[in-house]
Asks: 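The structure that follows is given in the form of structure tokens.
Naming convention: chains lettered A, B, ... in sequence-line order (proteins, then strands); numbering from 1 in each chain.
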2 protein chains.
Amino acid sequence: MKLKEGKDKFIQSWGALGSSWGINRTMAQIHALLLISPEALSAEDIMEELQISRGNANMNIRALIDWGLVYKELRAGERREFFVAEKDMWTVVKHIIIQRKKKELEPMLKVLDEISSVEDNSKEAEEFVHIIREIKLFSNKADSTLDSLVKADSNWFVGTFMKMIK
Amino acid sequence: MKLKEGKDKFIQSWGALGSSWGINRTMAQIHALLLISPEALSAEDIMEELQISRGNANMNIRALIDWGLVYKELRAGERREFFVAEKDMWTVVKHIIIQRKKKELEPMLKVLDEISSVEDNSKEAEEFVHIIREIKLFSNKADSTLDSLVKADSNWFVGTFMKMIK
DNA sequence: TTGTTGGTTCAAAACTTTTTGAAACTTCAT
DNA sequence: ATGAAGTTTCAAAAAGTTTTGAACCAACAA
């Protein structure tokens, strides 16, 4: 397979994967492009390679920086900004977990707390409180598991844990 | 808090959470409604409660059955079908992992295999093959970790594992 | 066989999200 | 102070996704 073809395939697939991961298509494609680029790229380079508008490039680059998946690289005597991707996969996944936990799991935990104070003596209410309690328990476990995962280092993940569960 | 209010809040939040989990809003809302319902519900009941059309209800109920999150309950002498949610959270999460692994991780693994055969002696190609190899390694680990998770039972997850990583 | 109840399908409409592109802004060199 | 090179913003357009509802199909009772 030719390099160009492989690059394109990777960028497209990474984009598709991103879509189902709360990372929009273009954002994921920019990330893919930077991942496989040996040099930092400018906004212009990215627009050019992916055939996207300046506004789109700018917004998604900033979102990636926000998520901690891309870094700005400033060069002495250059006004324009260059961008590099975080290339360590474990760090990438950690940053995604942090963002999604904050955006999804934490608000849900808050709602579960609020609604577990339902007072009512119907059979319906009983079932309601019961299942909410179970979901809360489970979510709290997930929450602290993710916390530990994020604190744990890559070696632990790829080594000990893998052996343990095999 | 009143029961009605709590139910609504839960259904809305579960719907929002679903959106960022590859499960569409209505699909997640139907699942939420069934989760907190002590009785199986008919399609009609669901349409009524969530104020959605027959077509929408039908499609999303079937998607939930597909995902293994909802079961059909047939009653002797009743032509209409009733639906119950899988209420064990560990099972719910397992089923979601299975679906998403199949839809997302597996196609990515296939693409990574295809593109790691890139032949070219540029610096770019070197970096490309290197990072692809790293991503492949990581994805394979994730893949087998998820396999083990799915095989593991709930107690293992909530017990041993939790203690270990604390 | 016909009418009624319930399930399924799918094209069009409504809604949501993403992308564009032009204007505004910033920084710096002249 | 002006212009060049770059970045940011955002309203409108395009693209993508979900929902509706009406037509159709199936099972059954009368």
Asks: I need the CZ-C1' distance between A/Arg80 and C/dC28, as an integer number of Å.
Replies: 15 Å

Asks: To the nearest Å, how far apart are A/Phe83 CZ and D/dG6 P?
Replies: 12 Å

Asks: Can you tell if the side chain of B/Leu146 reaches within under 4.5 Å of the side chain of B/Ile98, non-hydrogen atoms only?
Replies: no

Asks: Check the distance between C/dT8's C1' and B/Ile61's CD1 and give it to me in whole angstrom.
Replies: 12 Å

Asks: Nucleotide by nucleotide, 5' to 3', does protein get under 4.0 Å of the base (B), only the sugar-phosphate (S), or neither (-) in nucleotides 17-30 of chain D, counting heavy atoms?
Replies: -SSBB----BBS--

Asks: Between the side chains of B/Arg62 and B/Asn58, is a donor N or O closer than 3.5 angstrom to an acceptor N or O?
Replies: yes

Asks: Under 4.0 angstrom, heavy atoms only, what part of the nucleic acid is A/Glu44 near: base, sugar-phosphate, or nothing?
Replies: nothing

Asks: Within the structure, does a side-chain N or O atom of A/Asn58 lie under 4.0 Å from either OP1 or OP2 of D/dT8?
Replies: yes

Asks: Students often mix this up, so state it plainly: with edges at 30° and 60°, are the rings of B/Phe10 and A/Phe128 parallel, tilted or perpendicular?
Replies: perpendicular

Asks: Where do A/Asp147 and A/Ser144 land on the side-chain hydrogen bond (donor to acceptor under 3.5 Å, both in side chains) test, with the steps shown first?
Replies: CA-CA 5 Å; A/Asp147 276 346; A/Ser144 47; over 6 Å; no

Asks: Just so I know, are the side chains of B/Phe82 and B/Lys72 near enough to count as touching, which here means a heavy-atom distance under 4.5 Å?
Replies: no

Asks: Using the rule given for side-chain hydrogen bond (donor to acceptor under 3.5 Å, both in side chains), can you reason through A/Lys103 versus B/Ser20, listing the C-alpha separation, both sets of side-chain angles and the distance that settles it, and then say yes or no?
Replies: CA-CA 9 Å; A/Lys103 276 222 264 293; B/Ser20 23; over 6 Å; no

